[in-house]
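Letters A, B, ... are given to chains in the order of the sequence lines, protein chains preceding strands, and every chain is numbered from 1.
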Amino acid sequence: MEEATRAAVAARARERAWRGLWVPLLFLLPATLLVSLFYLLPVATTLYLSFTDISTVTFRNPQWVGWENYRDLVRDPFLGRILGNTARYVSLTLAFNIGVGLLLALLTSHVPERAGNPVRALWLLPRILPPVVYVLIWQGLTRESPFGLVSNVVGVSRNWITAEPWTVIVLANGMVGASFGMLLFTSAIRSIPADLFYAAAVDGATAWQTVRRVILPLLRWPLLFATAYQTLSLLTSFEYILLLTDGGPGFYTTTVWSLHAYKLALSNYFGNVQFGMGAAMAAVLVVVGVVVSVLYLRLFNFKALVGEPKIEVN
Amino acid sequence: MRGIEVRLEGLSKHFGRVVALRSLDLEVRAGEMVAFLGPSGCGKTTTLLLVAGIYRPTTGAIYFGDRRVDGLHPRDRDVGMVFQSYALYPHLTLFENIAFPLRLKRRPEAEVRAKVSQTAELLGIGHVLDRRPGQVSGGQQQRAALARALVKEPQVLLLDEPLSNLDAQVRLQARAEIRRLQRDLGVTTILVTHDQAEALAMADRVAVFSTGEVQQYATPLELYQRPQNTFVAGFVGHPPMNVVRGRLEDGTFEADGWRCRVPRLSYRGEGYLGVRPEDLRVGGEVEARVLVAETLGREQLVTVRVGATELKLLAAQADGFAADSVVKLDIPPDRVHLFDAAGRRIG
């Protein structure tokens, strides 16, 4: 009797718990579907493909090859160079983007609006230009004399893309990328009350001391955010390199990980594109991305940034 | 810490076409506390920021003692300032906030520690130095801001509405504390405020600002007893003085529908009569109708109508003022303030 009652109570409690869960699950459903379809499924597919030998030749009948693709990757004699290139590309471009973005934000927010706004607008122009057009402009600028502007100005006739491929790549990327930080940092600087700058001046701070001791500490979050976000997007971006140097000049001089993956998987010189191999490279990138994200989230103290939910369910 | 004399000569500030401050001449004696009093937009904060060096004057000069400072950067002027918002650095602890001016001067660590804790003790915030501004009360933030201004032992202390963000109880206490501290340290101090009670209670002298000009610069008592124009008359004193427009004749003032005796003056014509609510009495010959009586606690504020004019008077709480009843008003001739048609004091 007693036991039966207890069982009934437990059953009712379970039922209540389920009923309580229904609504939140319903609310989560659309997001769950979208995330699964566009984030989780591609990752799973990539992982699966990376363990097969799928290519143009074996497209109809791919074989499970286990870690073979990854072993090939490690055995690749150019692995070191590609890794080095990737590190170089990401770190140099990131430094340029954040540094120049910060500099532009500081400069344009300390001159009158009439001067600051047009400068910021100018820096945004490359971002709204199609990448192909933008790269065509760079190719024009960096050509030999008498056509290339750089050659004419420097007085040395050269194709600057082949002469200084990294400089051109970092600059071409940075002129676009810096505007991201510029906008973010400008709005953050503007949100600092003017009284703080006055106080710093009265307290005896020089312009540089104000930047270092007041502005930079208050820009901590936007700085971290821009760094994290741009690290991840740079790791996977290769369109400007593809268009500017196509990974050259010469052998893999400027080939980065994502460009290499793209070529193996989708644009092989010999016509036999190796989906499996490309997938393995992409999978490595996914792992690196996840690791970097987790590190940055730690650094961000993400939990502290997440506010209480604005809507209440139940 | 010794204060220094501050002198403003022909000081003006324009923002584009807007004139924030018109040719100001003013002197603050060494060790004196002066209040700039006025409604918002009157130029008082502009003047303070000019003295601090945040703004550059359009014309004129600023002297600290014999030193001309209007061309100097704020850091070379030796001023301490407390802002209305306190402007504490949110990312630093109170200790580091107060230490900030000393750190910028690269003072040795031992000196920094000693001075910060000494100043913090003086202001009673020694126990919260390891907290950030967001983690302490408004009163403690205000003290920390004051400590940061005082820690470098400035010759001139500038206070921009330092008490306006405090609740009433704390404000009264802080008012007295700041005044005592200022006297003890002897630092020349300029206080900007829109609160006349604050200005009158704290300052040795008060400069009343309006529309970019100083209307009167005098001791609190003189402002109250001999306002130089109708603006000061109406602005200083609570409840405000009754200021009535009318005609001045030989020994009488005539307004719309009533008249009263005033001291004899050579001036004749359009003018103003001012009389404080506390100087109006019952028992004279001016007939007035009671409109409303407001209880203030110790007293009551009675609004009466004389002819077409509304006057306010302060009366003892015990006196009965029934609405719509008629009373006889006494306007003592030795208590009235008279102004000419332009609002300037004539007697």
So does [X] have more than 12 non-hydrogen atoms from other groups sitting under 6.0 Å from [atom1]?
| X | atom1 | value |
| --- | --- | --- |
| B/Phe15 | CZ | yes |
| B/Asp167 | CG | yes |
| A/Arg127 | CZ | yes |

Practice task
Search all heavy atoms of B/His91 against all heavy atoms of A/Pro217 and return the closest pair with its distance.
Solution key: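 Scanning both residues, the minimum pair turns out to be CD2-CB, 3.2 Å.
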Handout entry: Heavy-atom closest contact (B/Leu104 atom, A/Ala205 atom, distance)
Key =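 Heavy atoms only, the tightest pair is CD1-N, 3.3 Å.
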Problem - Region of B/Phe100 that comes under 4.5 Å of a non-hydrogen atom in chain A - result: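 For B/Phe100, the side chain is the part near chain A, not the backbone.
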Handout entry: Portion of B/Leu102 that has a non-hydrogen atom of chain A nearer than 4.5 angstrom
Key =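 No part of it gets close to chain A.
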Handout entry: Min side-chain heavy-atom separation B/Ile54-A/Val202 under 4.5 Å
Key =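 Sidechains of A/Val202 and B/Ile54: in contact.
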Practice task
Find out whether A/Leu196 and B/Pro90 are in side-chain contact, i.e. whether some heavy atom of one side chain is under 4.5 Å from a heavy atom of the other.
Solution key: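 A side-chain contact exists here, since the closest heavy-atom pair is under 4.5 Å.
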Practice task
Can you tell which part of A/Ala200 gets under 4.5 Å to a heavy atom of chain B, answering side chain, backbone, both or neither?
Solution key: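 Backbone plus side chain of A/Ala200, per the 4.5 Å heavy-atom cut-off to chain B.
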Just how far is it from atom [atom1] of [X] to atom [atom2] of [Y], taken to the nearest 0.5 Å?
| X | Y | atom1 | atom2 | answer |
| --- | --- | --- | --- | --- |
| B/Glu96 | A/Arg213 | CD | CZ | 8.0 Å |
| B/Met81 | A/Asp195 | CE | CG | 7.5 Å |
| A/Asp203 | B/Arg103 | CG | CZ | 13.0 Å |
| A/Leu218 | B/Tyr89 | CG | OH | 10.5 Å |

Problem - Pair B/Asp160-A/Tyr198, side-chain donor/acceptor within less than 3.5 Å - result: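 Short answer, no.
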